[in-house]
Engineer: 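Please see the structure below; I have some questions.
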Amino acid sequence: MDMFCFQCQEAARGTGCTVKGICGKEPQTSAYMDLLLYAVRGIAVVNRALREKGIADKEASHFILDALFSTITNANFDDEAIKKRIKRAFEIKNVLIGAAKKRDIVLPDIPEIDFFVAEEDFLAEAPETGILNEVNEDIRSLKQLAMYGVKGAAAYTQHALNLGFHDQAICIMIENALAEISRRDISAEELLSLVLNVGECGVKAMALLDKANTTAYGNPEMTEVNIGVGSRPGILVSGHDLKDFEELLEQTEGQGVDVYTHSEMLPANYYPAFKKYKHFIGNYGNSWWRQKEEFETFNGVILFTTNCIVPPSRNATYIDRIYTTGSSGLPGAKHIPDRQEGGKKDFSELIAHAKSCRPPMAIEQGKIVGGFAHHQVLALTEKIVGAVKSGMIKKFVVMAGCDGRMKSREYYTDFAKKLPKDTVILTAGCAKYRYNKLPLGDINGIPRVLDAGQCNDSYSLVVIALALRSAFGLKDVNDLPIVYNIAWYEQKAVIVLLALLSLGIKNIHLGPTLPAFLSPRILSILVEKFGITTISSPEEDIKHWVKVG
């Protein structure tokens with residue numbers, strides 16, 4: 001094999017990519033990411049030992065977040081950027097080891113911290129110590145599940161940190177998980193407990209990010225979003241980072257260019273703070289995987305603040321119009337450096353470039369409605385409860401998670417179309433692009449698709465469920481008339497799943513396929529303990545999950 005990666009839903013043949021990533025990741029890039037994760041686990045082990053003595057390194061904790069985020073599917077394809085992180089990882093680890101030695105702190109005898117070499121030597125001959133080298137299939141499966149969940153939690157924590165919000169407890173949980181994954185003597189029972197702890201970490205991370213976003217920009221509100229275009233040159237912002245989006249809006253005001261959101265940035269339209277910018281036009285395009293065609297017609301500059309990047313084809317005309325920033329990276333694209341502490345990112349080069357571009361070509365017209373995060377939905381609680389008690393609403397269907405390229409994902413469009421008209425869809429993440437433009441109507445003024453926002457706003461769906469449980473006087477959230485039909489693609493969807501499990505949510509239906517990294521025995525345990533199942537056909541699933549009476 002040239003490589004092996006099975007962290008996303010599109011793993012080749014449902015088992016793993018061995019020649020090149022379906023995402024576009026090259027074997028060398030995959031190898032560098034494996035090395036970075038190896039070094040990061042070493043940092044976590046040492047920092048945990050220092051923390052027990054009250055001297056943990058804050059910079060190390062923040063570096064771990066960025067390093068994990070940069071290895072998420074479709075985030076960074078730039079070998080040089082990953083290599084720089086590897087070099088920095090060794091510098092940080094060596095400093096931490098030196099601090100531990102000065103204080104006579106005994107560190108575990110594991111390769112992640114014993115392999116004390118220069119970065120160049122490490123890249124030339126890496127030790128065979130990755131998680132995938134774990135012989136026991138079930139241990140390996142649980143370690144991967146915990147690792148992928150940690151990546152997702154790190155991404156959300158990084159976004160909150162960018163807005164000045166930090167919770168040391170989250171970093172402690174992330175570093176503890178990485179350190180435990182590195183243990184050679186850990187049992188399956190301990191790992192299963194660790195996986196749920198990672199889920200708890202995910203809940204904390206999403207709650208922190210929710211607080212950061214709403215404190216900075218206000219509570220999302222029901223909003224009609226324009227999906228047409230203006231007449232001026234445009235900048236299309238993709239990814240998830242609202243701080244980057246805010247600073248770009250500030251710097252483009254009065255510059256003669258318009259700003260649009262793309263894919264997972266769509267929910268920026270729902271925040272009150274952004275509505276004051278008249279040059280913020282609306283949303284352009286659809287889900288991330290359609291960017292190859294839609295970036296051609298947009299004509300303007302594209303800014304990736306995070307994942308999800310699809311490497312352009314060789315004959316693409318827009319590669320020189322792509323800019324990346326933060327944990328994202330793409331060879332051939334200009335990277336906007338991180339902001340200095342107390343400062344802002346400098347988007348001047350990007351803005352000047354945008355002014356020279358043609359206006360975007362219209363690919364659709366009209367408006368879509370969103371903005372139903374927990375604050376907005378809770379304001380409608382009385383109306384929603386009344387609709388349920390009167391029988392107008394029979395079921396809520398949570399259809400959160402990710403979208404992807406596979407034809408099998410047409411299932412989610414068909415499922416939404418065929419749902420009974422007395423059901424309401426609760427959604428978050430880019431999975432919504434499979435049905436958010438369908439004419440599904442409303443129930444007594446309540447739209448049948450309630451879009452809470454980005455994938456991290458799955459937290460809002462949990463808050464909504466808990467509020468409904470209270471409103472109906474139920475003891476168990478699983479007694480609510482709610483069905484969970486979750487689409488997954490990458491590691492942020494994994495942490496959402498683990499967060500739901502940690503909160504006691506059961507009978508989650510996961511698709512379009514189950515993760516390749518789950519061994520048969522671990523999958524059977526998840527089925528037995530939590531009732532996780534996969535999907536079949538829209539007709540059969542609606543018949544068994546949704547139909548009432």
Engineer: Could you please spell out the steps behind the ring pair (Phe, Tyr, Trp, His ring centres under 6.0 Å) verdict for F280 and F245?
Structural biologist: CA-CA 10 Å; F280 179 16; F245 189 70; 5.1 Å; yes
Engineer: Verify, without hydrogens or angle tests, whether Q7 (side chain) and T71 (backbone) share a donor-acceptor contact under 3.5 angstrom.
Structural biologist: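 Yes: the side chain of Q7 pairs with the backbone of T71.
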Engineer: Is a side-chain N or O of N269 found less than 3.5 angstrom from the main chain of L266, in a donor-acceptor match?
Structural biologist: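 Side chain of N269 to backbone of L266: a pair is present.
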Engineer: Looking at N283, L242, D244, which hits side chain to side chain contact (heavy atoms under 4.5 Å, CB included) with M265?
Structural biologist: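 Going through N283, L242, D244 one by one, the side chain to side chain contact (heavy atoms under 4.5 Å, CB included) with M265 is satisfied by L242 alone.
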Engineer: Is the shortest heavy-atom distance from the side chain of F415 to the side chain of I542 under 4.5 Å?
Structural biologist: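 Answer yes - side chains close enough.
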Engineer: Could you point out which residue of H159, K492, H240, Q158 forms a side-chain hydrogen bond (donor to acceptor under 3.5 Å, both in side chains) with T306?
Structural biologist: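 Checked H159, K492, H240, Q158 against T306; only one passes side-chain hydrogen bond (donor to acceptor under 3.5 Å, both in side chains): H240.
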Engineer: Under a 4.5 Å cut-off applied to non-hydrogen side-chain atoms, are V494 and P515 in contact?
Structural biologist: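 The answer is no; the side chains never approach within 4.5 Å.
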Engineer: List for me each residue that meets side-chain contact (heavy atoms from CB on, under 4.5 Å) alongside R13, sequence neighbours excluded, and say none if there are none.
Structural biologist: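 If we apply the side-chain contact (heavy atoms from CB on, under 4.5 Å) test to R13, skipping adjacent residues, the hits are T15, T18.
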Engineer: Answer yes or no: is there a side-chain heavy-atom contact under 4.5 Å between L236 and V301?
Structural biologist: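 Side chain of L236 against side chain of V301, heavy atoms only: no contact under 4.5 Å found.
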Engineer: For H509, run the side chain to side chain contact (heavy atoms under 4.5 Å, CB included) check against V398, T534, V483 and tell me which one passes.
Structural biologist: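 By the side chain to side chain contact (heavy atoms under 4.5 Å, CB included) criterion, H509 pairs with just one of V398, T534, V483: V483.
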Engineer: NZ of K383: more than 12 outside heavy atoms within 6.0 angstrom?
Structural biologist: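 Enclosed: over 12 neighbouring heavy atoms sit under 6.0 Å from NZ of K383.
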Engineer: How far apart are the C-alpha atoms of T214 and Y271, what are their side-chain angles, what is the distance that settles it, and do they pass the side-chain hydrogen bond (donor to acceptor under 3.5 Å, both in side chains) test?
Structural biologist: CA-CA 8 Å; T214 56; Y271 286 92; over 6 Å; no
Engineer: Give the C-alpha distance, both sets of side-chain angles, the deciding distance and a yes or no for salt bridge (Lys or Arg N to Asp or Glu O under 4.0 Å) between K276 and E253.
Structural biologist: CA-CA 11 Å; K276 66 182 180 182; E253 193 167 26; over 6 Å; no
Engineer: When you compare the side chains of D66 and S327, does any donor N or O come within less than 3.5 Å of an acceptor on the partner?
Structural biologist: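 D66 vs S327: donor-acceptor pair found between side chains.
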Engineer: Would you check if the side chain of T305 reaches a backbone N or O of D241 as a donor-acceptor pair within less than 3.5 Å?
Structural biologist: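 Yes, because the side chain of T305 sits within donor-acceptor range (under 3.5 Å) of the backbone of D241.
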Engineer: Output, in order, the C-alpha distance, side-chain angles, deciding distance and verdict of salt bridge (Lys or Arg N to Asp or Glu O under 4.0 Å) for D451 and K432.
Structural biologist: CA-CA 8 Å; D451 174 24; K432 62 175 158 274; 3.3 Å; yes
Engineer: Would you call E410 and R434 a salt bridge, using N to O less than 4.0 angstrom?
Structural biologist: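 Looking at E410 and R434, the cut-off is not met.
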Engineer: Stepwise, does the salt bridge (Lys or Arg N to Asp or Glu O under 4.0 Å) test hold for K151 with E490?
Structural biologist: CA-CA 10 Å; K151 286 188 180 188; E490 45 92 6; over 6 Å; no
Engineer: Have a look at F295 and tell me which of Y318, Y260, W288 forms a ring pair (Phe, Tyr, Trp, His ring centres under 6.0 Å) with it.
Structural biologist: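 One option only clears the test, and that one is Y318.
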Engineer: Quick one: closest heavy-atom pair of W488 and C8, and the distance?
Structural biologist: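 W488 and C8 have their closest heavy atoms at CH2-C, 3.5 Å.
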Engineer: Could you check Y284 against F298 for ring pair (Phe, Tyr, Trp, His ring centres under 6.0 Å), going step by step and ending with a plain yes or no?
Structural biologist: CA-CA 8 Å; Y284 188 89; F298 182 72; 5.0 Å; yes
Engineer: State plainly whether the residues R469 and D476 are in salt-bridge range, i.e. N to O under 4.0 Å.
Structural biologist: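 Answer for the salt bridge query: no.
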Engineer: Salt-bridged, K345 to E250, with N to O below 4.0 Å?
Structural biologist: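 No.
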